[in-house]
Novice: 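Got a structure here, written out as structure tokens. Questions coming.
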Amino acid sequence: MAYKHCCVIDSEGAYIEFVLVKLEVDGEGQEIAVPQYYTMREGERLVEAAPPAMRPYAGAGGFIHPKWDMDTSAWVEAALEEEISAWEADHPVPTACLEEQASQVRAKRDALLAATDWTQVLDAPIDEPAREAMRAYRQVLRDIPQQEGFPDPVAWPDLPETAKAAPEPA
């Protein structure tokens with residue numbers, strides 16, 4: 001006897017439940033999955049898949065009305081945009097989550113700034129156009145907290161190329 005987990009979906013493919021199933025062999029030698037602690041209803045079936053990522057609050061990734069797509073063997077969103085907007089309006093992001101996310105974004109931004117500090121010293125071995133491109137890049141990094149919707153999503157700038165300057169003659 002073996003056990004595994006499966007998702008229960010209805011006749012339309014909508015997600016119902018994540019269940020434990022026991023694998024048994026029937027009288028004809030076929031392996032069958034028998035749900036444990038769950039009674040299958042008419043039209044329901046098992047899908048061997050991880051459960052869909054459900055949204056705990058607005059702005060979180062995942063699904064509001066997950067539906068199993070038999071063609072792609074993947075979860076898809078079955079809700080309309082209006083339903084999603086209404087759901088997100090009713091489920092605001094907890095302030096603590098936003099603060100933690102903002103802290104993580106600022107930490108990444110600070111690390112990117114620190115990694116490019118060397119480009120701003122006068123004797124850095126880069127040419128002036130590269131120094132200016134890096135200065136602009138660093139300003140965009142500093143302005144990230146002012147982006148609309150901060151801390152999610154964040155539009156990260158691309159790191160400019162830094163060409164080394166020709167050494168000055170001795």
Side-chain angles (χ1 to χ4, degrees), residues 1-116 137-160:
M1 254 183 286
Y3 291 89
K4 67 179 179 180
H5 285 91
C6 291
C7 292
V8 178
I9 60 173
D10 67 13
S11 59
E12 302 293 315
Y15 174 77
I16 306 259
E17 184 85 33
F18 190 57
V19 297
L20 176 68
V21 296
K22 181 165 75 170
L23 301 175
E24 297 180 352
V25 178
D26 67 8
E28 299 173 7
Q30 298 286 351
E31 187 175 76
I32 58 171
V34 179
Q36 304 294 295
Y37 316 109
Y38 184 85
T39 303
M40 299 287 286
R41 294 178 191 88
E42 188 174 330
E44 292 180 343
R45 62 182 187 258
L46 295 171
V47 175
E48 195 171 327
M54 304 293 276
R55 293 180 192 210
Y57 54 82
F63 300 94
I64 295 172
H65 299 296
K67 191 172 186 178
W68 185 253
D69 184 332
M70 297 300 275
D71 295 330
T72 62
S73 296
W75 294 109
V76 295
E77 179 60 76
L80 302 172
E81 285 300 320
E82 300 82 41
E83 292 174 306
I84 294 171
S85 296
W87 189 90
E88 288 181 341
D90 291 341
H91 299 83
V93 179
T95 303
C97 292
L98 283 176
E99 290 170 1
E100 174 62 25
Q101 189 175 7
S103 176
Q104 291 172 358
V105 169
R106 283 188 178 96
K108 178 178 177 179
R109 184 236 11 226
D110 293 348
L112 292 171
L113 284 168
T116 58
Y137 165 79
R138 290 167 54 81
Q139 186 59 54
V140 173
L141 288 175
R142 286 191 291 276
D143 292 342
I144 282 177
Q146 285 73 43
Q147 288 181 4
E148 186 175 334
F150 178 81
D152 184 46
V154 173
W156 294 98
D158 293 327
L159 179 67

Novice: Pairs in or reaching into residues 47-64: which pass salt bridge (Lys or Arg N to Asp or Glu O under 4.0 Å), with residues at least two apart or in two chains?
Specialist: Lys4-Glu48, Arg55-Glu88
Novice: If you take all heavy atoms of Met54 and Pro66, which pair is closest and at what distance?
Specialist: SD-CG, 3.6 Å
Novice: Quick one: closest heavy-atom pair of Ala78 and Lys67, and the distance?
Specialist: CB-CB, 3.8 Å
Novice: How would you list, by chain and number, every residue that makes a side chain to side chain contact (heavy atoms under 4.5 Å, CB included) with His91, sequence neighbours excluded?
Specialist: Trp87
Novice: Can you name the closest pair of heavy atoms from Phe63 and Pro52 and give their distance?
Specialist: CD1-CB, 3.7 Å
Novice: Using the ring-ring contact (aromatic ring centres under 6.0 Å, His included) criterion, which residues pair with Trp156? Sequence neighbours excluded.
Specialist: none
Novice: Run the side chain to side chain contact (heavy atoms under 4.5 Å, CB included) test against Thr72 and tell me which residues pass, sequence neighbours left out.
Specialist: Asp69, Ala74
Novice: Could you list all the side-chain hydrogen bond (donor to acceptor under 3.5 Å, both in side chains) pairs where at least one residue sits in residues 10-20, not counting sequence neighbours?
Specialist: none
Novice: With side chains defined as the heavy atoms from C-beta onward, is the minimum distance between Ser73 and Trp68 less than 4.5 Å?
Specialist: yes
Novice: Applying ring-ring contact (aromatic ring centres under 6.0 Å, His included), can you list everything that pairs with His65, at least two apart in sequence or on another chain?
Specialist: none
Novice: Kindly indicate whether the side chain of Trp75, heavy atoms from C-beta on, has any atom under 4.5 Å from the side chain of Pro51.
Specialist: no
Novice: Within this structure, what is the CG-CD1 distance for the pair Asp26 and Ile32, rounded to the nearest 0.5 Å?
Specialist: 5.5 Å
Novice: Could you list all the side-chain hydrogen bond (donor to acceptor under 3.5 Å, both in side chains) pairs where at least one residue sits in residues 29-38, not counting sequence neighbours?
Specialist: Tyr38-Arg41, Tyr38-Glu44
Novice: Between Ile9 and Arg45, is the side chain to side chain contact (heavy atoms under 4.5 Å, CB included) condition met? List the steps.
Specialist: CA-CA 6 Å; Ile9 60 173; Arg45 62 182 187 258; 3.6 Å; yes
Novice: Please list every donor-acceptor pair under 3.5 Å in which a side-chain atom of residues 99-113 meets a protein atom from a residue at least two apart or in another chain.
Specialist:
residue, atom, partner, partner atom, Å
Glu100, OE2, Gln104, NE2, 2.9

Novice: Under a 4.5 Å cut-off applied to non-hydrogen side-chain atoms, are Leu46 and Val19 in contact?
Specialist: yes
Novice: Indicate yes or no: at least one non-hydrogen side-chain atom of Val21 is less than 4.5 angstrom from one of Tyr3.
Specialist: no
Novice: So do the side chains of Pro35 and Val8 get within less than 4.5 Å of each other, counting heavy atoms only?
Specialist: no
Novice: Table please: side-chain donor-acceptor pairs of residues 140-149 below 3.5 Å, with sequence neighbours left out.
Specialist:
residue, atom, partner, partner atom, Å
Arg142, NH2, Gln139, OE1, 3.1
Asp143, OD1, Gln139, NE2, 3.0
Asp143, OD2, Gln139, NE2, 3.4
Gln147, OE1, Ala155, N, 2.9
Gln147, NE2, Ala155, O, 3.0

